[in-house]
Amino acid sequence: MRLLEWQGREILIREGIAVPEGEVVTEPAEARRVAERLKRPVVLKAQVPVGGRGKAGGIRLARTPEEAEAVARGLLGQSLKGFPVEKLLVVEAVEANAEHYLGLILDRSARMPLFLYSSRGGVDIEEVARESPELVSKVHIPPLEGPAAFRLRRLFALAPKDLRPALMDVAQKLWSAFLRYEANLLEINPLAEREGQLLALDAKVIIDEDHSPGPQFQGFEEAQVDLVEAEAKKAGMSYVRLDGDIGILGNGAGLVMATLDLVVQAGGRPANFLDIGGGARAERVKTGIELIPRDERVKVLFVNVFGGITRCDEVARGVVEAQHSRSLPVVIRLVGTNEEEGQRILASAGFVPVRTMEEGAAKAVALAKEARCAQ
Ligand code: GDP
Ligand code: MN
């Protein structure tokens with residue numbers, strides 16, 4: 001269960017970790033009142049359960065209360081990365097001297113919690129870890145022992161010296177929150193430094209799905225709707241959002257899962273699971289193909305259909321009729337009932353299908369890589 005930022009922030013506050021002053025609001029006028037009360041420029045932050053909100057336009061600065069109201073009016077009710085924006089966090093705009101990263105995750109392969117720290121916060125930590133791994137330090141914590149001082153000293157060896165005591169204090173508090181909230185992940189990015197003080201400017205919290213019942217979780221179970229998932233459901237299909245950039249559409253849960261595996265084996269990352277079900281007609285195929293690109297991360301679409309009850313000509317018609325605002329490369333593998341007719345429809349619309357699933361997976365992965373490089 002991924003919490004929204006304002007809920008994660010609430011957990012940090014309860015542990016005594018400093019955060020910028022502010023409040024969560026649902027109305028533009030409330031945003032203005034918060035800005036009036038704070039008497040300084042504010043940052044308005046869309047409360048959706050995904051990262052990268054800054055780049056997607058979900059984090060905005062407002063210098064006056066009037067501006068705060070206008071920005072809030074623009075953000076509330078919009079959708080961001082497929083999620084409706086129903087709440088905004090309005091916080092004082094912090095002038096940071098530096099942005100750090102501090103995370104605590106459950107490392108399943110080591111069966112231990114793992115602290116991650118970098119003095120290069122604010123940006124995507126995975127990118128930092130890829131490009132300059134020496135700037136990210138990692139220290140496992142044996143759960144029965146807890147975060148002993150010597151381990152934290154090692155974790156913060158890369159940190160500015162004068163900041164280490166404050167960092168150790170935040171790490172201790174993060175650890176106690178990790179246990180108290182049965183978390184799989186707690187992440188503060190950025191952990192900003194303002195005049196020697198640390199302030200958590202963002203909070204990402206994932207609580208274990210099987211957490212025990214307890215009063216500490218009250219108020220966190222707010223329903224979180226994924227708009228794409230909801231629409232797929234309405235159209236009779238099952239959609240599950242994943243982390244990657246290769247959109248997947250297939251018929252039958254088994255085939256779709258096999259497709260996901262092949263894409264991963266070929267070195268790619270699926271963006272979703274989408275099963276259009278058995279016997280899908282052109283209309284449903286079209287709806288499915290139009291839904292996937294609504295996730296902005298998707299760079300290529302891989303359609304893998306094995307016709308049985310489902311007829312290839314219907315699928316091909318759906319593929320050809322589908323419209324979406326972004327032009328994405330489409331990889332299609334289409335075999336089975338009415339295959340010739342399906343292939344003819346695809347060919348006359350300029351699609352060049354692949355013959356096997358393996359070939360399709362390799363091609364989709366290559367195209368996704370190309371699209372990443374072109375960015
Ligand atoms: P995310 O992009 O979804 O992870 O959202 P964040 O809350 O991390 O915000 C993205 C970026 O906006 C941060 O890395 C900061 O650089 C910036 N930001 C967020 N809040 C503040 C703030 O209060 N003051 C300043 N100066 N920058 C902020
Ligand atoms: Mn962040």
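Position 1 is the first residue of the sequence; numbering continues from there. Atoms within a ligand are numbered from 1 in the order they appear, just like the ligands themselves.
Annotation: atom 14 (O) of ligand 1 to nearest protein heavy atom, Gly122 O, 3.1 Å. Considering only non-hydrogen protein atoms, atom 20 (N) of ligand 1 sits nearest to Lys45 NZ, 3.9 Å. Nearest to atom 26 (N) of ligand 1 among the protein's heavy atoms is Val94 O, 2.7 Å. If you check which protein heavy atom lies closest to atom 5 (O) of ligand 1, you get Arg53 NH2, 3.1 Å. Of the protein's heavy atoms, Asp202 OD2, 3.1 Å lies nearest to atom 4 (O) of ligand 1.
Using a 4.0 Å cut-off between charged side-chain N and carboxylate O, Arg120 and Glu131 make no salt bridge. By the 4.0 Å N-to-carboxylate-O rule, Glu21 lies close enough to Arg40 to be salt-bridged with it. With respect to Arg32 and Glu69, a salt bridge is recorded, a charged nitrogen being found less than 4.0 Å from a carboxylate O. A salt bridge does not link Glu126 to Arg130: none of the charged side-chain nitrogens sits closer than 4.0 Å to a carboxylate oxygen. Remark: Asp202 engages Arg53 in a salt bridge, criterion side-chain N to carboxylate O under 4.0 Å. Lys234 has no carboxylate O lying under 4.0 Å from a charged side-chain N of Glu231, or vice versa, which leaves the two without a salt bridge.
The residue Val123 has no part lying near ligand 1, judged by heavy-atom distances below 4.0 Å. Using a 4.0 Å cut-off between heavy atoms, Glu99 contacts ligand 1 through its side chain alone, with no backbone atom that close.
Polar contact check, Gly51 against ligand 1: no nitrogen or oxygen pair lies under 3.5 Å apart. Where the criterion is an N or O separation shorter than 3.5 Å, residue side chain and backbone included, Asn189 meets it with respect to ligand 1.
Under the 4.5 Å side-chain criterion, counting only non-hydrogen atoms from C-beta, Phe302 is not in contact with Pro270.
In this structure, a donor-acceptor pair under 3.5 Å is absent between the side chains of Thr310 and Glu314.
Taking all heavy atoms of Val50, Val43, Ile59 into account, the minimum distance to atom 10 (C) of ligand 1 is reached by Ile59. The option with the heavy atom closest to atom 27 (N) of ligand 1, from among Leu201, Leu80, Val91, is Leu201.
For atom 17 (C) of ligand 1, the nearest protein heavy atom lies 4.0 Å or farther away.
Residue contacts with ligand 1 do not include Pro20, since none of its heavy atoms lies under 4.0 Å from the ligand.
Among the atoms of Asp202, an N, O or S atom is found under 2.8 Å from the Mn ion (ligand 2).
Distance alone, capped at 3.5 Å, is enough to place a donor-acceptor pair between the Gln216 side chain and the Arg180 backbone. A distance-only check finds no donor-acceptor pair linking the side chain of Ser79 to the backbone of Pro84 [under 3.5 Å].
Counting atoms of ligand 1 from 1 in the listed order, those under 4.0 Å from a heavy atom of Glu92 are 23 (O).
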